[in-house]
2 protein chains.
Amino acid sequence: MAAREQETTAPETGLGVRQRATWQRAAVSAAVAGLQEFRSAQQVCDVLRAEGRAIGMSTVYRALQAMAELKQVDVLRGDDGEMLYRRCGHGHHHHLVCRVCGATVEVTGEAVERWADRVAEKHHYTDISHSVEIFGRCADCAGS
Amino acid sequence: MAAREQETTAPETGLGVRQRATWQRAAVSAAVAGLQEFRSAQQVCDVLRAEGRAIGMSTVYRALQAMAELKQVDVLRGDDGEMLYRRCGHGHHHHLVCRVCGATVEVTGEAVERWADRVAEKHHYTDISHSVEIFGRCADCAGS
DNA sequence: TTTGGTGCAAAACCTTTGCATTAGG
DNA sequence: CCTAATGCAAAGGTTTTGCACCAAA
């Protein structure tokens with residue numbers, strides 16, 4: 001929760017200057033890059049292990065955390081409270097998630113951002129963040 | 001997650017027909033009724049115990065769960081994933097929550113509702129619901 | 001009496017951390 | 001070499017569950 005002491009990040013590589021490149025980080029990064037849906041750390045770990053890459057849970061968690069801090073992945077809290085990760089689009093956005101199959105559309109909403117800021121300001125709240133997710137049933141899952 | 005086999009609810013009392021009235025449920029209900037902020041099950045439990053009512057955590061959890069199902073309380077997931085409860089306001093609304101002290105303001109946002117509907121429609125998602133919460137630091141907690 | 005409720009402790013989960021070991025630079 | 005990164009296991013925290021006992025109806 002506390003702000004990192006020093007953000008020594010090299011934007012081009014996405015790696016912190018003092019960070020080392022390991023195959024584990026690359027593997028997690030690759031796994032996430034291919035994601036179309038939000039997946040848990042556990043699932044990411046399972047996928048990698050299924051591919052034969054023996055990797056520890058803690059490493060996966062640490063890698064995902066790092067990527068989240070570098071804004072390379074989106075983090076979402078599922079209904080059951082577990083953290084879900086997905087490759088990140090550019091800029092600030094929200095999600096339209098199919099509650100049946102998990103298919104996700106990234107959406108932006110100027111209007112919402114402004115509304116949130118306005119509401120917060122009106123009530124003298126500072127240091128604002130907001131979570132906006134829309135859940136529904138996508139066209140493919142309409143019939144189920 | 002599965003739908004209840006039979007919703008045998010008596011609206012006037014808010015108690016299911018086959019549910020028994022215990023002082024524990026009443027206590028939890030009373031505690032929540034007085035809440036202005038979102039509180040965790042743990043906190044609700046602490047309050048009751050401080051009042052001298054020795055009550056078990058599981059009972060508090062079960063009572064809150066039941067109340068949530070009957071829509072007598074709002075349930076929210078904090079940033080850290082823990083469940084937070086608060087008495088329920090009337091009608092559809094969202095929350096502006098202080099992440100330090102939990103002080104909550106209920107807010108409505110026509111703009112957001114319409115935006116969500118529009119976005120969903122555009123991507124052919126149906127059966128829409130959305131979760132919109134704004135977190136920040138309230139005026140009283142601004143300095144911490 | 002019947003049967004849902006309670007409460008304890010244990011289990012189930014998810015996530016983080018401590019620490020010895022490995023390996024990137 | 002130096003030290004960040006790894007991986008295991010253990011700790012932490014929240015929520016759920018099994019089960020014997022209690023009490024509302």
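Values reported hereafter were calculated over all heavy atoms of this structure, with side chains retained and with hydrogens, waters and symmetry mates removed. Proteins get letters first, then strands, A, B, ... in listed order; numbering begins at 1 in each.
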Query raised in the report: Does a nitrogen or oxygen in the side chain of Arg25(A) sit under 4.0 Å from OP1 or OP2 of dA5(D)?
Result: yes
Query raised in the report: Any side-chain N or O of Thr22(B) less than 4.0 Å from the OP1 or OP2 oxygen of dT6(C)?
Result: yes
Query raised in the report: In B/S/- notation, 5' to 3', how is nucleotides 10-22 of chain C contacted by protein heavy atoms closer than 4.0 Å?
Result: ----SBBBB----
Choosing from [options], which nucleotide comes nearest the side chain of [X]?
X: Trp23(A); options: dT6(D), dG7(D), dG5(C); value: dG7(D)
X: Arg20(B); options: dT2(C), dG25(C), dG7(D); value: dT2(C)
X: Gln19(B); options: dA25(D), dG5(C), dG7(C); value: dG5(C)

Which pair of non-hydrogen atoms, one from [X] and one from [Y], has the smallest distance, and what is that distance?
X: Ala116(A); Y: Ile134(B); value: CA-CD1, 3.8 Å
X: Arg77(A); Y: Asp80(B); value: NH2-C, 3.4 Å
X: Cys138(A); Y: Tyr125(B); value: CB-CZ, 3.5 Å

Expected list for residues 33-40 of chain A: side-chain donor-acceptor pairs under 3.5 angstrom, two or more places apart:
residue  : atom : partner  : partner atom : Å
Gln36(A) : OE1  : Arg87(A) : NH2          : 3.2
Glu37(A) : OE1  : Arg39(A) : NH1          : 3.3
Ser40(A) : OG   : Gln43(A) : N            : 3.1
Ser40(A) : OG   : Gln43(A) : OE1          : 3.4

Requested in this report: For the helix from dT1(C)-dA25(D) to dG25(C)-dC1(D), figure out the bend between the end axes, five pairs an end, and round to 10 degrees.
Outcome: 30°
Query - Whether His130(A) and His92(A) hold their rings parallel, tilted or perpendicular, with breakpoints at 30° and 60° - result: perpendicular
Can you check the [X] [atom1] to [N] [atom2] distance for me, whole Å?
X: Leu64(B); N: dT6(C); atom1: CG; atom2: P; answer: 12 Å
X: Gln24(A); N: dG24(C); atom1: CD; atom2: C1'; answer: 11 Å
X: Leu48(A); N: dG7(D); atom1: CG; atom2: P; answer: 11 Å
X: Ile55(B); N: dG5(C); atom1: CD1; atom2: P; answer: 13 Å

Query raised in the report: Side chains of Arg25(A) and Gln19(A): does their closest heavy-atom pair fall under 4.5 Å?
Result: yes
**Report entry** Under 4.5 Å side-chain linkage, directly or through intermediates, the cluster mates of Val97(A)
**Finding:** Phe135(A)
**Report entry** side chain to side chain donor-acceptor pair (under 3.5 Å) partners of Glu133(B), counting only residues at least two apart
**Finding:** His95(B)
Query raised in the report: Mind checking what makes side chain to side chain donor-acceptor pair (under 3.5 Å) contact with Ser129(B), not counting sequence neighbours?
Result: Arg99(A)
